[in-house]
**Q** 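One structure is given below, represented as structure tokens, and several questions about it will come after.
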There are 4 protein chains.
Amino acid sequence: MTRRSRAQQRELTCQRILDAATEVFAEHGYAGASIDAITARAGYSRGAFYSNFTDKTELLIRLTQRRIDTFAEQELPDALSLPPEERVQLVARWLSAQEPPIESLLAVELARLRDDDPDVAATLDRVFEAIFDSVDRLVGIQGSGLAELPRAERRERVVAIVAGVTGANLLRQLGVAVDARTLELVLTGVLDPDGEVVA
Amino acid sequence: MTRRSRAQQRELTCQRILDAATEVFAEHGYAGASIDAITARAGYSRGAFYSNFTDKTELLIRLTQRRIDTFAEQELPDALSLPPEERVQLVARWLSAQEPPIESLLAVELARLRDDDPDVAATLDRVFEAIFDSVDRLVGIQGSGLAELPRAERRERVVAIVAGVTGANLLRQLGVAVDARTLELVLTGVLDPDGEVVA
Amino acid sequence: MTRRSRAQQRELTCQRILDAATEVFAEHGYAGASIDAITARAGYSRGAFYSNFTDKTELLIRLTQRRIDTFAEQELPDALSLPPEERVQLVARWLSAQEPPIESLLAVELARLRDDDPDVAATLDRVFEAIFDSVDRLVGIQGSGLAELPRAERRERVVAIVAGVTGANLLRQLGVAVDARTLELVLTGVLDPDGEVVA
Amino acid sequence: MTRRSRAQQRELTCQRILDAATEVFAEHGYAGASIDAITARAGYSRGAFYSNFTDKTELLIRLTQRRIDTFAEQELPDALSLPPEERVQLVARWLSAQEPPIESLLAVELARLRDDDPDVAATLDRVFEAIFDSVDRLVGIQGSGLAELPRAERRERVVAIVAGVTGANLLRQLGVAVDARTLELVLTGVLDPDGEVVA
DNA sequence: TATGAATGAGAGTTCATTCAT
DNA sequence: TATGAATGAACTCTCATTCAT
């Protein structure tokens with residue numbers, strides 16, 4: 001009845017739809033997830049969706065933003081407060097605990113929509129910026145030998161880390177068992193400042 | 001009378017459609033790739049597709065099989081004939097040269113169709129079996145310290161490698177520059193037998 | 001606010017689509033009647049059909065049920081309230097007044113779909129049960145000499161009547177002039193309890 | 001190799017295709033019977049069809065003509081040579097022995113195509129002419145009281161008979177057991193010259 | 001805000017037909 | 001004559017979206 005409860009109600013509806021969308025995207029992909037399937041799982045009719053989102057693209061954008069924000073606001077500060085040698089563990093553990101692991105999926109779909117939608121382009125840029133920046137901060141602060149590497153080489157390591165995490169994420173989505181230890185193996189290998197690339 | 005026999009003609013049509021499908025899948029994904037768009041790019045009408053494939057699922061299966069076979073028949077033998085320390089480079093170079101990098105994409109789509117189609121399940125099993133087996137052979141032969149690792153740990157390394165490669169593949173699809181050197185960085189780190197996992 | 005409630009509106013749409021389907025089926029048959037042609041004739045778009053029916057098969061089922069119900073609820077009670085000697089006239093007149101005469105057609109199509117669809121099988125059973133039962137009641141009540149015939153023979157007469165009516169129906173559909181009098185001729189001949197079959 | 005064997009070969013192919021078409025039409029209807037299904041059942045590829053028929057419509061026409069001719073050439077002469085009181089039995093027995101009973105079906109399909117195709121119109125006219133004429137001859141020759149009836153009334157009886165036979169045919173196609181005796185019951189009733197129509 | 005009937009573009013698929021072999 | 005690859009129109013059905021309620 002109050003103005004506040006209205007806003008809260010709206011927020012609740014949005015969150016439920018985003019939660020449902022997360023599941024349905026994981027199961028059927030973005031294209032295969034119908035608005036009906038999503039709202040039905042959230043316990044609403046399709047009209048509720050269009051009262052809260054302009055279209056399906058916006059759903060993808062807001063879902064992606066929510067996932068980035070969760071990491072940036074909840075995990076990153078914790079990790080940065082730890083000594084460098086413990087950060088990798090914390091992050092690896094958090095990454096391997098995310099269910100369902102749809103980050104890669106969302107990124108692929110955003111990439112496809114990029115050219116048609118400026119909002120998508122902005123979100124996608126923000127996603128990558130946030131990811132590479134986070135990794136760089138996790139990795140590059142004093143204490144780690146990597147901080148002294150030339151910028152280009154350090155960037156190379158960051159990309160390698162993101163590749164490893166992204167791939168692990170995807171493998172998990174495909175049903176391959178990837179636990180935190182395996183993720184650490186990827187990260188640790190890349191993070192070894194003395195690691196000599198064969199070539 | 002004809003330059004090409006009927007069987008050859010048929011084979012040519014199939015290959016052209018598979019080539020076109022590779023491109024259109026990379027651009028729009030499996031669900032977003034219409035049969036029309038694929039056959040038009042291949043220079044045929046819609047019906048040509050149904051003369052050569054039973055349905056869209058079969059297209060996905062055959063495309064995936066072709067990509068696995070290409071690696072198994074063309075690259076793997078070459079790599080195995082090299083000394084261990086050069087194999088990683090060869091494979092990394094080959095992987096980063098594949099255009100478009102749709103392996104991850106295909107795997108995700110196959111995984112979605114798995115439950116509905118026994119052929120898909122078989123193909124998917126074959127994909128993973130081939131990949132993990134190839135990596136294990138590339139990595140495990142004598143000369144590399146990894147050959148002496150316990151089976152479970154070696155498996156962990158293999159998964160980590162596949163994760164790295166898969167992720168790099170996906171990043172490339174997303175427009176991130178990932179060259180052979182970055183890939184080697186991922187692989188080399190994981191392959192270091194003395195690499196100590198932090199945890 | 002509205003003149004009609006939602007449920008009423010929905011019912012109206014269904015009835016209009018069923019009416020249109022009746023006509024288009026009569027003209028082009030079940031297979032030849034496209035959803036587009038039906039909904040266009042009803043004054044709706046294609047999608048309206050799928051808001052109200054799950055698929056084309058359901059349309060056939062519901063149309064058939066409507067025609068049976070119309071007879072069972074409107075004509076049969078009237079006929080049974082008449083003395084036996086007037087029933088045949090009433091029924092014959094009603095049968096020859098039905099436009100378009102698609103009962104036979106619907107039955108043939110249902111028979112084709114029977115094996116693939118349990119709903120169809122149930123409807124078809126219900127159709128025949130209703131028809132043979134109605135005819136038996138029309139014919140068999142006291143006053144008619146047929147009531148005393150052995151069960152098997154009476155069944156034979158019922159089948160013969162249905163055959164005559166069905167055939168007349170079909171001939172009308174084919175453009176042959178079949179009026180109520182001709183129908184009565186078929187029925188009366190079969191209904192003569194003293195009629196001796198030649199063999 | 002000889003000219004004669006060629007013609008014979010062609011004839012054989014046609015007959016086999018017509019036989020196969022009879023079965024497939026009975027199972028799936030005209031629209032539901034694909035050229036592929038028909039030629040496959042006949043043991044040919046679809047090309048054989050187009051070497052012997054101009055299109056699907058011609059198949060329907062020729063099939064119908066074959067069935068009429070079979071009756072006119074094989075059964076009618078036999079029946080006419082019998083005394084009137086035995087003719088009904090012979091015809092009823094022959095009618096109830098035809099498998100599959102698709103005459104009604106063919107007539108319905110021809111009627112649908114009538115407006116678009118002069119050949120179809122001619123065939124359909126010929127079908128009805130042949131049927132009504134045959135029945136009239138079977139029934140009307142001296143000895144039967146019907147011969148003396150006014151022309152209009154006699155025509156009415158003929159239509160009633162055809163309706164009965166057509167309906168019986170259709171019921172058989174729908175799986176209802178209709179034997180020769182039931183058919184005779186229909187025919188005999190209508191043929192009773194003293195039968196008084198109720199109205 | 002939420003509902004759900006209706007819209008209509010677009011998808012996968014079938015199939016009569018053509019034509020080079 | 002018979003084959004079968006290829007064509008393309010037409011069909012059933014899905015689904016993002018609109019809008020009156």
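Hydrogens, waters and symmetry mates play no part in the numbers below; they use all other heavy atoms, side chains included. Here is how names work: the chains are called A, B, and so on, in the same order as the sequence lines, proteins then strands, and each is numbered from 1.
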**Q** Measure CG/A:Asp36 against P/E:dA2 and give the value in whole Å, please.
**A**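 Those two atoms, CG and P, are 16 Å apart.
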**Q** With nearest nucleotides of DNA chain E determined for B:Phe49 and C:Gln9 from heavy-atom distances, which residue corresponds to the more 5′ nucleotide?
**A**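 Its nearest nucleotide lies further toward 5', so the answer is C:Gln9.
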**Q** Does any N or O donor sit under 3.5 Å from an N or O acceptor when you compare the side chain of A:Ser45 with the base of E:dA2?
**A**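 Side chain to base: no pair below 3.5 Å.
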**Q** Searching all strands shown, indicate the nucleotide that pairs with E:dT18 (Watson-Crick or G-U wobble; both distances under 3.5 Å).
**A**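 When the pairing criteria are applied, F:dA5 turns out to be the nucleotide that pairs with E:dT18.
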**Q** For a quick check, tell me whether the side chain of C:Arg6 and the base of E:dT3 share a donor-acceptor pair closer than 3.5 Å.
**A**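 Such a pair exists between side chain and base.
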**Q** Rounded to whole Å, how long is the line connecting atom CG of A:Leu60 with atom P of F:dA16?
**A**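 After rounding, the gap between these two atoms is 13 Å.
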**Q** Looking for any heavy atom pair under 4.0 Å, which part of the strands does B:Ser51 touch: base, sugar-phosphate only, or nothing?
**A**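 The residue B:Ser51 makes base contact.
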**Q** Judged by each residue's nearest nucleotide on DNA chain F, which is more toward the 5′ side, C:Tyr30 or B:Ala48?
**A**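 Going by which nucleotide is closer to the 5' end, it is B:Ala48.
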**Q** Round to the nearest Å and state the distance from D:Leu59 atom CG to E:dC15 atom P.
**A**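 Atom-to-atom, D:Leu59 to E:dC15, this comes out as 15 Å.
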**Q** Round to a whole Å and report the spacing from NZ of D:Lys56 to P of E:dA16.
**A**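 Distance check: D:Lys56 NZ to E:dA16 P gives 5 Å.
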**Q** Under 4.0 Å between a side-chain N/O of C:Thr13 and OP1 or OP2 of E:dA6, yes or no?
**A**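 Yes, because at least one side-chain N or O of C:Thr13 sits under 4.0 Å from OP1 or OP2 of E:dA6.
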**Q** Do we get D:Arg16 above D:Tyr44's six-membered ring, with its NZ or CZ under 6.0 Å from the centre and within 45° of the axis?
**A**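 Negative - D:Arg16 is either too far from the ring of D:Tyr44 or too far off its axis.
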**Q** Say you draw a straight line from NZ of C:Lys56 to OG of C:Ser34; how long is it, rounded to the nearest 0.5 Å?
**A**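 Going from NZ on C:Lys56 over to OG on C:Ser34, the span is 7.5 Å.
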**Q** Mind running side-chain contact (heavy atoms from CB on, under 4.5 Å) on C:Arg62 and C:Thr123 for me, showing each step along the way?
**A** CA-CA 9 Å; C:Arg62 280 171 57 182; C:Thr123 301; over 6 Å; no
**Q** Do C:Arg66 and C:Asp19 meet the salt-bridge criterion of a basic N to acidic O distance under 4.0 Å?
**A**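 So C:Asp19 pairs with C:Arg66 through a salt bridge.
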**Q** Rounded to whole Å, please give me the gap between CG in C:Leu113 and P in F:dT12.
**A**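 After rounding, the gap between these two atoms is 13 Å.
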**Q** Could you tell me whether the phosphate oxygens of F:dA6, OP1 or OP2, come under 4.0 Å of any side-chain nitrogen or oxygen in B:Asn52?
**A**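 So the side-chain polar atoms of B:Asn52 do come within 4.0 Å of the phosphate oxygens OP1 or OP2 of F:dA6, strictly under.
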**Q** When all nucleic acid strands are considered with a 4.0 Å heavy-atom cut-off, which category describes B:Arg10: base, sugar-phosphate, or nothing?
**A**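 The residue B:Arg10 makes sugar-phosphate contact but no base contact.
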**Q** Just so I know, are the side chains of C:Leu59 and C:Phe49 near enough to count as touching, which here means a heavy-atom distance under 4.5 Å?
**A**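 With C-beta onward as the side chain, the pair touches.
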**Q** Distance check needed: E:dT18 C1' versus D:Ile35 CD1, whole Å only.
**A**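 Value for this atom pair: 13 Å.
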**Q** Between the side chains of B:Asp125 and B:Arg114, is the shortest nitrogen-to-carboxylate-oxygen separation below 4.0 Å, so that they form an ion pair?
**A**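 Counted as a salt bridge, because a side-chain N and a carboxylate O are separated by less than 4.0 Å.
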**Q** Need the pair for F:dT14. Rule: Watson-Crick or G-U wobble, both distances under 3.5 Å, any strand; none if unpaired.
**A**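 WC or wobble partner is E:dA9.
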**Q** From the set F:dT12, E:dG10, F:dT18, return the single nucleotide nearest to any side-chain atom of C:Arg46.
**A**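 Of all the options, the side chain of C:Arg46 is nearest to E:dG10.
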**Q** Counting any heavy atom closer than 4.0 Å, what does B:Tyr44 reach on the DNA or RNA strands: base, sugar-phosphate only, or nothing?
**A**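 It contacts sugar-phosphate atoms only.
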**Q** If you look at every strand shown and take non-hydrogen atoms under 4.0 Å, does D:Ala33 touch a base, only sugar-phosphate, or nothing?
**A**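 Contact class for D:Ala33: sugar-phosphate only.
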**Q** Measure from CD on A:Glu11 to P on E:dA2 and round the result to the nearest Å.
**A**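 So the CD-P distance, A:Glu11 to E:dA2, works out to 12 Å.
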**Q** Taking atom P of E:dG4 as reference, at what distance in whole Å does atom CD of C:Gln8 sit?
**A**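 That distance rounds to 17 Å.
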